[in-house]
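Below is one structure, written out as structure tokens, with a few remarks after it.
Labels below follow one simple rule: chain letters A, B, ... track the order of the sequence lines, proteins then strands, and each chain is numbered from 1.
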2 protein chains.
Amino acid sequence: MSLASLDQLCQKIGYEFKDTSLLTMAVTHRSFSADNNERIEFLGDSLLNMIIAEALYRRFPGIDEGDLSRIRSVLVSGKTLATIALEFDLGRYLRLGAGEKNSGGQRRASTLADVVEALIGAIYLESGFDVCRERVLAWFAPRLSALNPESSHKDAKTRLQELLQARKQPLPNYQLIETAGADHQQTFVVACSVSLLTSSVSASGSSRRKAEQAAAEQVLLALKEVE
Amino acid sequence: MSLASLDQLCQKIGYEFKDTSLLTMAVTHRSFSADNNERIEFLGDSLLNMIIAEALYRRFPGIDEGDLSRIRSVLVSGKTLATIALEFDLGRYLRLGAGEKNSGGQRRASTLADVVEALIGAIYLESGFDVCRERVLAWFAPRLSALNPESSHKDAKTRLQELLQARKQPLPNYQLIETAGADHQQTFVVACSVSLLTSSVSASGSSRRKAEQAAAEQVLLALKEVE
């Protein structure tokens, strides 16, 4: 990889590395070299969790720690991180082993998410906490400002219940209709029926609670389409 | 609670709060007041995880992120935090509701551990990252310096295997001998036999892997007694 392209990456992330070996390490997948981003990603992951925890703590003084934790888990999820990685076009700068490259590793969400965390760790090691936090908050600014304290931290079942109550409808009915699979790898299928939809909607999950949440999410989507 | 006793607590933790309302919040259990330590504990928990992650990252340059994570989970466990809380005699400063107090809440390990995390969050909010990190590292110094990079991060099965190899013995044999209990609450019983012990040693766990680790741990203990 040429230095020019690393310069390009620095522009995209808004941070110029003095020590390019740190940056190179951050974009190196374990399939490429033993000197890869796995350890620095461990550090970056903990920084990300802390920086977002503080941002939420300050932004939402009125909500409890369970909701703070729930909002954070969405913000720091692999899915969100992979989206940020796409914004930085990180796939272009990844150093992957041949096998990983051939199997599309530069588009793998988990690989991309890991690089975002590794970059956070690398910035911290080079420039300390304040600079690192400022960068992370800049990357997350649109997502943090889009958060709606009223709804974003509520789970799907709660949101569905509130929507039905607001429309003076009876509460939803959840029914476990199937469990399948061997012990500890079971799948639960739950059907959720509401008065506003003629047929019930089913969804599955690795626990009954997860299946219920997934079914509630599906019903919320279906209700949006009906509107 | 008198101000004198809060002064005493500050001495024990090695940090003097300018804003005593932060300290008071940190020692307030949810059973006592709505203005309790739960939110600040969420923040402190993430700081603790990050500060210990960095300490381990720097201290053990040669070990991988899986082992870093394993060592950290022991250091930041409720058990370790409760021990630190006892060193600070935190139970004496806790603000508990009457019911909690009567049921021995001031000795409850999880309650005490939460206060340690809340104190970390409170120090951060008042004095920033560097002061907070310095305090946490001081509290954890004896535990960090006692870590042995050679063994502390290895699981029991690995340690048993290495011990047997060093003594030129065959590898241990693990056998699942029972699974009991309803789905998702199953208990697995595994027997581990090694050439150095005449009878096999059984242990149980909530997964086959955990039962194997527990059995390996028992065998390691038994081998120490034989020596």
Side-chain angles (χ1 to χ4, degrees), chain A residues 30 34-58 60-73 76 114 117-118 120-122 124-125 128-133 136 179-188 206-209, chain B residues 30 34-58 60-72 76 114 117-118 120-122 124-125 128-133 136 179-188 206-210:
Chain A
R30 66 170 172 274
D35 199 18
N36 59 51
N37 64 12
E38 292 194 312
R39 277 171 44 88
I40 207 168
E41 180 227 326
F42 167 75
L43 179 61
D45 171 78
S46 72
L47 278 155
L48 174 63
N49 270 286
M50 187 266 131
I51 292 165
I52 299 298
E54 185 198 1
L56 297 175
Y57 179 90
R58 294 187 187 276
F60 300 125
I63 74 174
D64 71 25
E65 75 297 342
D67 288 337
L68 291 175
S69 177
R70 198 149 38 234
I71 302 179
R72 179 177 62 176
S73 71
V76 305
D114 288 350
E117 293 184 328
I120 294 169
Y124 175 81
L125 287 179
F129 181 74
D130 292 339
V131 170
C132 176
R133 178 173 62 168
V136 171
T179 59
D183 298 344
H184 283 80
Q185 297 217 325
Q186 279 193 301
T187 302
F188 296 77
S206 59
S207 71
R208 184 169 179 161
R209 195 186 57 77
Chain B
R30 65 169 173 276
D35 199 18
N36 57 51
N37 64 13
E38 292 193 312
R39 277 170 45 87
I40 208 168
E41 181 227 327
F42 168 75
L43 179 61
D45 171 80
S46 72
L47 277 155
L48 174 63
N49 270 285
M50 187 269 133
I51 292 165
I52 299 297
E54 184 199 1
L56 297 175
Y57 179 90
R58 294 188 188 274
F60 300 125
I63 74 173
D64 71 25
E65 74 296 346
D67 288 336
L68 291 175
S69 177
R70 196 149 40 233
I71 302 178
R72 180 177 61 176
V76 305
D114 288 351
E117 293 184 328
I120 295 170
Y124 175 81
L125 287 179
F129 181 74
D130 291 339
V131 171
C132 177
R133 178 172 62 167
V136 171
T179 58
D183 298 344
H184 283 79
Q185 298 217 326
Q186 281 194 301
T187 303
F188 295 79
S206 59
S207 72
R208 183 168 179 162
R209 197 187 57 76
K210 285 181 185 165

Task: Point-to-point distance, once rounded to the nearest 0.5 Å, from OH of Tyr57(A) to OG of Ser46(B) - done: 11.5 Å
Open item on the list: How long is the straight-line distance from CG of Leu47(B) back to CG of Leu47(A), given to the nearest 0.5 Å?
Closed with: 10.0 Å
Open item on the list: In the structure I gave you, are the side-chain heavy atoms of Phe42(A) and Asp64(B) within less than 4.5 Å of one another anywhere?
Closed with: no
Open item on the list: Within the 4.5 Å heavy-atom criterion, are Leu125(B) and Arg58(A) side-chain neighbours or not?
Closed with: yes
Open item on the list: Among residues at least two apart in sequence or on other chains, which ones pass side-chain contact (heavy atoms from CB on, under 4.5 Å) with Glu38(B)?
Closed with: Glu65(A), Arg30(B), Asn36(B)
TODO: For each of Asp45(B), Ile52(B), Ile40(B), tally heavy-atom pairs with chain A at distances under 4.5 Å, and name the one with the top tally.
DONE: Ile40(B)
TODO: Give, as side chain, backbone, both or neither, the part of Ile51(B) having an atom under 4.5 angstrom from any heavy atom of chain A.
DONE: neither
- [ ] Could you please spell out the steps behind the side chain to side chain contact (heavy atoms under 4.5 Å, CB included) verdict for Tyr124(B) and Met50(A)?
- [x] CA-CA 11 Å; Tyr124(B) 175 81; Met50(A) 187 266 131; 3.8 Å; yes
